[in-house]
Amino acid sequence: MSTAIVITSGKGGTGKTSITGGVASCLAALGHRVLCIDMDIGLRNLDLTLGLSDRALMDFTDVLCGRCTLERAAVPHPVIQGLFLLTAPVTLPEAPLSEAAMKELIHRAREGYDYILMDSPAGLGEGFRLACCAADRAVVVSTTDASALRDAQRTVSVLRNRIPRIHLVVNRVQPRLLRRLHTTIDDAMDAAGLPLIGVIPEDRRVILAANLGRPLILEGRQGAANACLNIAKRLEGYRVPVMRIR
């Protein structure tokens, strides 16, 4: 059965897009057909993370408005078999986009993909609403910053009225900084009010891979790449120990 997952955050700059691309690439590497949908209208970046900026010509509004089929708009990755991208438009559409049309798009996507990962824009605006309306699960991404955790908590309060299964990913973890702040990952979980599905270390390879236009999993299976692989396995239902970050 296909699963639609929205990946969101209350605050911008938490690394949500990198995690969407990283986890999607890992799910595809594990043998699944995966569709990534960039919901960040006007500020799309998922195509850069996946290295598909020159290939993604049609966007999800073209599908919603009937100008293009999903099969034509979804761009396959040239290296990672089973990984596809449906990008966001570069400008805001003139007419509001309906939740009914988005639900129909996701319904069609379920017929051809095992996982649908929607990269929601930060905040609680229209892109967030559209991304959430047809999702089965949600992953809230936060750093250990107090402001990011507060915004994550606000996002969770909205999501709980819409989506039954919500998880937390704590990104860009720096153990030395945590020790200086006298805080822990458990404190972050308590602040967000969510069960943990992954911890991702600060890793310069994330920035390197994004600038090279290469999915993180192609840069090796260490650090953040390994953390994304563990998250992918947990989404599959496997019990995987949370990696220790030193």
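Throughout, residue positions are numbered sequentially from 1 according to the sequence presented.
D119 is not listed as a side-chain neighbour of C36, based on a closest heavy-atom distance of 4.5 Å or more. A heavy-atom distance below 4.5 Å is not found between the side chains of T8 and V139. Contact annotation: the side chain of M102 approaches that of M118 to within less than 4.5 Å [non-hydrogen atoms, C-beta and beyond]. Using a 4.5 Å cut-off on side-chain heavy atoms (C-beta onward), V23 and L235 make contact. Counting heavy atoms from C-beta outward, E202 and N171 have side chains that stay 4.5 Å or more apart. Residues R137 and I166 form no side-chain contact, since every pair of their non-hydrogen atoms from C-beta on lies 4.5 Å or further apart.
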Please tabulate, one pair per line, all N/O donor-acceptor pairs under 3.5 Å involving side-chain atoms of residues 79-92, not counting sequence neighbours.
none

Subject >> Candidate pair V170 and T144, rule side-chain contact (heavy atoms from CB on, under 4.5 Å), full reasoning >> reply: CA-CA 7 Å; V170 182; T144 55; 3.7 Å; yes
Subject >> Test side chain to side chain donor-acceptor pair (under 3.5 Å) applied to D59 and T61, step by step >> reply: CA-CA 6 Å; D59 59 66; T61 62; 2.2 Å; yes
**OP:** Apply side-chain contact (heavy atoms from CB on, under 4.5 Å) to R55 and H77, showing your working.
**Re:** CA-CA 9 Å; R55 297 170 180 261; H77 195 275; over 6 Å; no
Original post:
Is there a side-chain contact (heavy atoms from CB on, under 4.5 Å) between Q153 and V156 once you walk through the steps?
Top reply: CA-CA 5 Å; Q153 191 176 45; V156 170; 5.6 Å; no
Original post:
Hey, mind stepping through V169 and V140 against side-chain contact (heavy atoms from CB on, under 4.5 Å) and telling me if it holds?
Top reply: CA-CA 6 Å; V169 168; V140 176; over 6 Å; no
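The minimum heavy-atom distance linking S157 with N161 is given by the pair O-ND2, 3.6 Å. Nearest heavy atoms, A224 versus D203: N-OD2, 2.9 Å. The two atoms that bring N230 and P241 nearest to each other are ND2-O, 4.3 Å, heavy atoms only. Across S25 and I217, no two heavy atoms sit closer than the pair CB-CG2, 3.8 Å. Taking every heavy atom of both residues into account, S120 and A131 meet most closely at CB-CB, 3.9 Å. Residues V6 and A135 approach most closely at CG1-CB, 3.8 Å, considering heavy atoms.
Going from atom OG1 of T20 over to atom CE of M39 covers 12.0 Å, rounded to the nearest 0.5 Å. Between the CZ atom of R165 and the CG atom of D136 there is a distance of 9.5 Å, given to the nearest 0.5 Å. The SG atom of C26 lies 9.0 Å from the NZ atom of K233; values are rounded to the nearest 0.5 Å. To the nearest 0.5 Å, the span separating CG on L149 from CG on L168 amounts to 8.0 Å. Taking OG1 of T17 as the reference point, atom CG of L43 lies at 10.0 Å (rounded to 0.5 Å). Here the straight-line distance linking atom CD1 of I163 with atom CD1 of I5 works out to 10.5 Å at 0.5 Å rounding.
Linking Ile, Leu, Val, Met, Phe, Trp and Tyr residues whenever their side-chain heavy atoms come within less than 4.5 Å leaves L216 and I197 in two separate clusters. Under the 4.5 Å side-chain heavy-atom criterion for grouping Ile, Leu, Val, Met, Phe, Trp and Tyr, L46 is connected to V34 within one hydrophobic cluster. In the hydrophobic clustering of this structure, I200 does not group with V206; members are Ile, Leu, Val, Met, Phe, Trp, Tyr whose side-chain heavy atoms approach within less than 4.5 Å, directly or through other members.
Sorted by first and then second residue, the pairs that involve residues 16-51 and meet ring pair (Phe, Tyr, Trp, His ring centres under 6.0 Å), not counting sequence neighbours, are H32-Y115.
The closest donor-acceptor contact from the side chain of R110 to the backbone of S2 lies under 3.5 Å. Looking only at distances, no side-chain donor or acceptor of D62 sits under 3.5 Å from a matching main-chain atom of M58. D145 places no side-chain N or O within donor-acceptor distance of the main-chain N or O of S147, the cut-off being under 3.5 Å. Without hydrogens or angle criteria, H167 side chain to A138 main chain gives no donor-acceptor distance under 3.5 Å.
Side-chain contacts under 4.5 Å among hydrophobic residues (ILVMFWY), followed directly or transitively, place L212 together with L208. Taking Ile, Leu, Val, Met, Phe, Trp and Tyr as members and joining any whose side-chain heavy atoms lie under 4.5 Å apart, directly or through other members, the hydrophobic cluster of V240 also contains Y238. Residue L30 belongs to a hydrophobic cluster whose other members are L229, with links defined by side-chain heavy atoms closer than 4.5 Å.
More than 12 heavy atoms of other residues, nucleotides or ligands lie within 6.0 Å of CZ in R67, so this atom counts as buried by the packing criterion. Other residues, nucleotides and ligands contribute at most 12 non-hydrogen atoms within 6.0 Å of the CZ atom of R150.
The ring pair (Phe, Tyr, Trp, His ring centres under 6.0 Å) check on F60 picks up nothing, with sequence neighbours excluded.
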